[in-house]
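Heads up, the thing below is written out as structure tokens.
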There are 2 protein chains.
Amino acid sequence: MEIRARAPGKIILCGEHAVVHGCAAVAASIDLCTQVLLQSSQDGDVGLLQLELKDLNLQFSWSISRIQDFLPSETLPLSSSVECCSSDMMERLIALVAEHNIPEANIGLAVGVSAFLWLYISIAGFKTAKAIVTSNLPMGSGLGSSASFCVALSASLLALSGTISSASDQDGNLVLGERERELVNRWAFEGERIIHGRPSGIDNSVSTFGNMIMFKSGELTRIKAGLPLKMLITNTKVGRNTKALVAGVAERAGRHPEAMSSVFKAIDAISMELSTIIQSGASDDLSIIEKEEKLQELMEMNMGLLQSMGVSHASIEMVLQTTLKYKLTSKLTGAGGGGCVLTLLPSLLPSNVVEKVIAVLESHGFQCFIAAIGGGGVEVCVNHRL
Amino acid sequence: MEIRARAPGKIILCGEHAVVHGCAAVAASIDLCTQVLLQSSQDGDVGLLQLELKDLNLQFSWSISRIQDFLPSETLPLSSSVECCSSDMMERLIALVAEHNIPEANIGLAVGVSAFLWLYISIAGFKTAKAIVTSNLPMGSGLGSSASFCVALSASLLALSGTISSASDQDGNLVLGERERELVNRWAFEGERIIHGRPSGIDNSVSTFGNMIMFKSGELTRIKAGLPLKMLITNTKVGRNTKALVAGVAERAGRHPEAMSSVFKAIDAISMELSTIIQSGASDDLSIIEKEEKLQELMEMNMGLLQSMGVSHASIEMVLQTTLKYKLTSKLTGAGGGGCVLTLLPSLLPSNVVEKVIAVLESHGFQCFIAAIGGGGVEVCVNHRL
């Protein structure tokens with residue numbers, strides 16, 4: 001049996017940082033994905049669990065019996081009843097992963113592999129299989145690469161274990177209902193907890209359900225995008241410390257409570273307006289071009305407010321300046337201090353302009369992606385004949 | 001008799017644009033000045049009124065009798081009772097100035113010369129004299145050059161007419177009391193009205209009284225700065241349309257009333273905080289360095305909020321980026337869309353860093369000034385012996 005699952009990454013359209021202070025933010029799926037190919041029967045590989053991370057050119061392999069020594073089955077949850085990974089279990093996982101000599105500096109890889117093992121054994125048990133992972137999402141850039149990995153992995157494992165067994169559509173994809181997606185989402189969230197400690201749940205929700213999500217005070221509301229949108233995503237490749245950036249904003253809010261609470265309020269209003277425009281579809285009198293202009297204005301406003309929080313960075317400003325020369329509007333997405341920048345690509349923008357902008361951005365050492373916004377969530381395709 | 005008057009320019013420290021929407025803004029004097037030298041008795045020039053604009057290399061000359069034909073004395077106010085220039089009078093002034101063949105494109109110059117004639121004749125009557133004007137303020141860049149011209153001119157004319165005749169201090173400057181300054185200020189405001197149509201009165205007030213002024217909802221409150229501050233002022237030399245920029249912000253506020261009213265509120269809070277810090281002097285526990293850091297943070301916040309209003313410009317962003325490389329904080333001052341940018345120069349900043357920054361900025365074609373902030377207002381010095 002061969003199972004393919006792919007799950008999208010995400011961007012924060014507006015509201016980052018302000019969301020920590022009780023304001024609304026809007027996240028959207030992007031059509032950059034992580035793909036998991038699960039091969040459950042490999043001749044000659046019986047008794048092995050293998051993980052291949054293609055983009056990193058890394059292979060991991062454990063004998064099933066070795067795993068059973070470390071993670072006895074009575075300690076594991078059932079695939080249909082989601083449980084979190086206990087600290088005792090976490091220690092066992094880390095010890096198991098540590099046998100693979102991952103450089104200490106690459107703690108992100110170690111926890112990612114731990115999450116893989118936890119999800120695999122918890123959902124599929126001690127089956128022989130090989131998982132091959134590829135992704136066109138840059139890692140650690142705020143585009144939700146870890147969540148899309150957890151979602152694609154959870155979905156493929158839930159299909160492997162037979163826990164989700166929907167009918168297939170004409171493309172061979174399982175038709176996932178609300179209940180199935182909810183289960184995928186909950187398992188993915190547990191994987192995210194292993195990787196991130198205290199994730200918000202936004203990334204895995206967007207990756208699972210697709211479209212857009214508004215989140216405010218811990219509550220997630222799914223939004224159906226009625227407007228086709230394209231973004232240029234520029235990865236500045238400047239690493240940043242999200243915790244320090246979030247703390248910096250909180251400190252600034254402590255020093256200037258009145259001014260900063262108004263800054264947050266302005267962002268809350270922007271998130272509300274933006275989600276209204278995006279949901280409107282063809283249902284009102286504004287043309288797509290007028291809506292795109294409104295979105296650009298809201299993005300510019302949000303970016304200014306982020307600048308006033310002090311979370312911009314020279315690399316982000318460089319992207320802003322470059323795209324401004326082509327009359328395009330950009331804003332940082334995520335924590336700031338580097339990371340990724342969004343540039344709305346209006347529907348009537350000639351493709352040669354896009355090419356030029358990308359060429360200039362890439363000449364500065366940045367990495368560019370064009371992404372459609374608000375597409376579907378995780379997809380799973382099962383091929384029983386293999 | 002020879003009279004010298006000099007009057008400072010101004011910067012807006014914070015609150016530009018938001019002030020139009022009822023929020024507080026803070027303006028401060030800078031030690032860049034316009035100087036007027038009034039020579040009341042020129043042998044060989046009897047019967048002439050002359051104006052020399054040294055920086056523009058321009059000279060104007062009218063025979064007093066010609067002026068009397070155009071502006072009969074019964075139509076003029078007295079120097080001690082300020083009146084505004086009627087539209088009939090304005091037409092006569094323009095006709096008189098038009099005899100000098102000023103290119104149509106230079107409407108600013110024509111109204112400036114009209115204001116000169118109006119102030120001269122209204123305050124000093126039909127005296128023979130020569131006024132020589134020099135300034136180290138760039139014209140039309142939002143640094144209050146026209147107001148400082150009107151203030152220096154009004155002060156020198158009021159001294160010439162004997163309307164203000166205070167005692168002199170040890171430097172030979174007249175000791176101007178509140179009443180004298182108020183009279184200078186009111187005349188200067190009438191000159192500003194000829195030049196600008198509907199000036200706010202802020203520029204001439206700062207130029208007359210010096211120090212700083214907080215203005216909110218049309219009310220001006222004078223602030224005594226307790227903190228010595230130095231700013232690098234970078235003139236981008238990019239001309240801008242202030243009216244269009246103000247209208248653009250109002251339109252944006254109309255499109256996004258909730259978000260924009262929070263943006264304005266945030267700026268109001270910033271203006272209040274900034275004026276408190278600046279007034280504090282040595283009266284609290286914060287060191288000068290801590291205060292400078294607070295001011296930098298407030299400037300960064302205000303700049304972000306101005307960016308969210310859409311009044312920044314590529315040239316302004318270039319200055320921001322350049323100074324950021326040296327860990328210096330900048331914000332636009334005035335209407336934006338070009339014009340001038342302020343960069344706080346902390347007291348412990350080594351002078352070679354300042355020199356480097358200036359060199360880089362000037363290599364981009366910008367013009368740099370270093371200015372002390374919040375100094376005294378107009379000064380007048382009378383030399384009776386000449």
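A, B, ... follow the sequence lines: proteins, then strands. Residue 1 opens every chain.
- With rounding to the nearest 0.5 Å, the separation of OG in A:S287 from CD1 in A:I289 is 5.0 Å.
- Scanning residues 321-350 of chain A against chain B with a 4.5 Å heavy-atom cutoff picks out A:Q321, A:L324, ordered by number.
- The minimum heavy-atom distance between B:V206 and B:A28, with the atom names listed, is CG1-C, 3.5 Å.
- Contacts between B:E273 and chain A at a heavy-atom distance below 4.5 Å involve the side chain alone, from C-beta outward.
- B:E317 places none of its side-chain heavy atoms less than 4.5 Å from the side chain of A:L320.
- Contacts between residues 229-264 of chain A and chain B, defined by a heavy-atom separation under 4.5 Å, are made by A:R252, A:R255, A:H256, A:E258, A:A259, A:M260, A:S262, A:V263.
- Between B:M299 atom CE and B:L13 atom CG the span is 7.5 Å, to the nearest 0.5 Å.
- The two atoms that bring A:S205 and A:G201 nearest to each other are OG-O, 2.6 Å, heavy atoms only.
- Side-chain atoms of A:D268 come within 3.5 Å of backbone atoms of A:A24 as a donor-acceptor pair (strictly under, hydrogens ignored).
- Between atom CD1 of residue A:I11 and atom CG of residue A:D203 there is a gap of 12.0 Å, rounded to the nearest 0.5 Å.
- The NZ atom of B:K216 sits 10.5 Å away from atom OG of B:S275, with the distance rounded to the nearest 0.5 Å.
- B:V319 is listed as a side-chain neighbour of B:F366, based on a closest heavy-atom distance under 4.5 Å.
- Atom CD1 of B:I277 sits about 9.0 Å away from atom CD of B:E297, to the nearest 0.5 Å.
- For the pair A:G22 and A:S217, the tightest heavy-atom approach, listed with the atom from each and the gap, is O-OG, 3.7 Å.
- Within the 3.5 Å criterion, the main-chain N or O of B:S315 finds a donor-acceptor partner in the side chain of B:H313.
- Looking at B:K10, its side chain does come within 3.5 Å of a backbone N or O of B:G142 through a donor-acceptor pair.
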| Worked check of side-chain contact (heavy atoms from CB on, under 4.5 Å) between A:F215 and A:T221 | CA-CA 6 Å; A:F215 47 110; A:T221 315; over 6 Å; no

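- Contact annotation for residues 301-311 of chain A against chain B (heavy-atom separation below 4.5 Å, listed by residue number): A:M301, A:G304, A:L305, A:Q307, A:S308, A:G310.
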| said: Show, in sequence, the C-alpha distance, side-chain angles and deciding distance for B:M212 and B:K224, and conclude whether the side-chain contact (heavy atoms from CB on, under 4.5 Å) test is met. | reply: CA-CA 6 Å; B:M212 301 198 188; B:K224 198 152 171 48; over 6 Å; no

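- Proximity to chain A among residues 354-362 of chain B is not found for any residue, judged by heavy-atom separations below 4.5 angstrom.
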| request: Dump the intermediate steps for side-chain contact (heavy atoms from CB on, under 4.5 Å) on B:C23 and B:K265, then the final yes or no. | output: CA-CA 7 Å; B:C23 299; B:K265 259 193 188 169; 5.9 Å; no

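- No part of A:I267 comes within reach of chain B, as not one of its non-hydrogen atoms sits under 4.5 angstrom from that chain.
- In plain terms, the two heavy atoms of A:S271 and A:C14 that are nearest each other are OG-SG, 3.3 Å.
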